[in-house]
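So that the names make sense, note that chain A is the first sequence line, chain B the second, and so on, each numbered from 1.
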There are 2 protein chains.
Amino acid sequence: MDRRQRKTRNAIFQAFSALLETKRYSAITVQDIIDAADVGRSTFYAHFDTKEELLRAMCDDIFEHVFSDEVMREPEHDFSSADSFRDRITHILCHLQEKQHHIKGIFAGECGEIFMKYLREYLREVFDRQLPEDRPEDGAIPRDYRLNHAVSAFAEGVRWWFGGHGEYTPEQISTFFFGTVDC
Amino acid sequence: MDRRQRKTRNAIFQAFSALLETKRYSAITVQDIIDAADVGRSTFYAHFDTKEELLRAMCDDIFEHVFSDEVMREPEHDFSSADSFRDRITHILCHLQEKQHHIKGIFAGECGEIFMKYLREYLREVFDRQLPEDRPEDGAIPRDYRLNHAVSAFAEGVRWWFGGHGEYTPEQISTFFFGTVDC
DNA sequence: ATGGTAATGGACATTATGTTCCGTATCTGA
DNA sequence: TCAGATACGGAACATAATGTCCATTACCAT
């Protein structure tokens, strides 16, 4: 990737992130962004078609970092043991915490809902590997329901964490989750 | 309320609801709405300040119906017994199902996230009465975390239900939830 | 019925959007 | 080092949406 591209892309991310802490997402115009980033109008549109795509790109940037563990890529890892799954979850929480400065701005506004949607998509993959198959004692509860249940509860737990409960450590949040979830 | 007001308000709701099934929420303009509802521009703004407020009003309309049970209003009812709580939840699910035609349009678009937010607010009140106080065996898990966990899991369960799993009855969804949640 | 009240419709200025152009600055490969 | 390629900046543009204004009309209560 061209250094010039990286520079402007970064400037736009930076500006957008800063703007999100001062005003609502839908109130932010492309004009605001290019003013803050100090780039030309055409430059912005050369990088992103819309404001929504910019947000999507920022989220992807964050998730790329949070979920791109070597441990995740390697298929030989065994995620069926509860311990390694718990480690993985704690790991994700740690990475999220590292990026908290970027995330908090996103969560603050109404676009937190959009961030959550993407987060759930990524989490679903992780949880899908872990969730046990249907057992007789689960009765008629569909596996897909249980998967959705666990993913949603965890994702909203993250939002709860960032929304005024930042005093807890990733390990504690992990403990809260595994102490409450039933999967 | 003036009959004229009711009429226009209804026409706008109707038009907006219909539009939501054909295009994305953010792609819908005020112009689209007043064209479809066949009302004047100033009429729209006399009723709602923004498109967002219209959505909020529509959601409130729905929730007014879903949550306005006499059983909820009367404080003498005892929600501490698990059975009555389960009845209450099933009741809510039934009411949601009645309104499914309106809700499905909202869920379809990106404004589903906004609907979910309001839904969680209403649910939080209901769950708050039910969730037991912190018990020793819960260890250090904050009550607020458990509350958020249960509310989120249930709300997302509703979305799951409306998003392609409409074949289940309210009673079944209720069973799924109480079979999975741990509160 | 009638006067007051409030909804209505259409016109308006304002603002944001997304595109296009061209000159300039920067990068890359030979 | 040089030349071709690529990204940037700035300005101007047509288009479209926004929110406000005011005169008109329909409704409501007395």
For atom CG of B/Asp38, decide whether the heavy atoms of other residues, nucleotides or ligands shown that lie under 6.0 angstrom number more than 12.
no
How about A/Gln14: does its CD atom have over 12 heavy atoms from other parts shown lying under 6.0 Å from it?
no
Is the ring pair A/Phe154/A/Phe177 parallel, tilted or perpendicular, if the boundaries are 30 and 60 degrees?
perpendicular
Using five pairs at each end of the helix from C/dA1-D/dT30 to C/dA30-D/dT1 to define an axis, what is the angle between those two axes, to 10°?
40°
Select base, sugar-phosphate, or nothing to describe what A/Thr43 touches, counting heavy atoms under 4.0 Å on all strands.
base
note: B/Asp38, atom CG; C/dG10, atom C1'; distance rounded to Å ~ 14 Å
Given atom CD1 of B/Ile34 and atom P of C/dA7, what is their separation to the nearest angstrom?
17 Å
Closest listed nucleotide, where the reference is the side chain of B/Thr8 and the choices are D/dC8, D/dT18, C/dA7
C/dA7
Is it true that the NZ or CZ of B/Arg159 lies under 6.0 Å from the centre of B/Phe107's six-membered ring and within 45 degrees of the ring axis?
no
Roughly how many Å is it from CG in B/Asn10 to C1' in C/dA7, rounded to a whole number?
16 Å
Send over the distance from A/His47 NE2 to D/dG9 P, rounded to a whole Å.
8 Å
Examine A/Tyr145 together with B/Trp160 and report whether their ring centres are nearer than 6.0 Å.
yes
Can you find a side chain N or O atom of B/Gln31 that sits less than 4.0 Å from OP1 or OP2 on D/dA17?
no
Tell me the interatomic distance from A/Phe48, atom CZ, to D/dC8, atom P, rounded to whole angstroms.
11 Å
Does B/Phe16 have B/Lys51 sitting over its ring (NZ/CZ under 6.0 Å from centre, angle to axis within 45°)?
no
With a cut-off of under 6.0 Å to the ring centre and 45° to the axis, is A/Lys99 in cation-pi contact with A/Phe63?
no
How many Å lie between CD on A/Gln5 and C1' on D/dA5, as a whole number?
13 Å
d(CZ, B/Arg9; P, C/dT8) in whole Å
13 Å
Nucleotides 19-28 of chain D: protein proximity per nucleotide (B base, S sugar-phosphate only, - neither; heavy atom, under 4.0 Å)
BBB----BSS
Please state whether the rings of B/His95 and B/His91 are parallel, tilted or perpendicular, taking 30° and 60° as the class boundaries.
parallel
Could you check whether B/Asp32 gets within reach of a base, just the sugar-phosphate, or nothing at all, counting any heavy atom under 4.0 Å?
nothing
Classify the angle between the aromatic ring planes of B/Phe48 and B/Phe44 as parallel (below 30°), tilted (30 to 60°) or perpendicular (above 60°).
tilted
When the distance from CZ of B/Phe44 to C1' of C/dG10 is rounded to whole Å, what number comes out?
17 Å
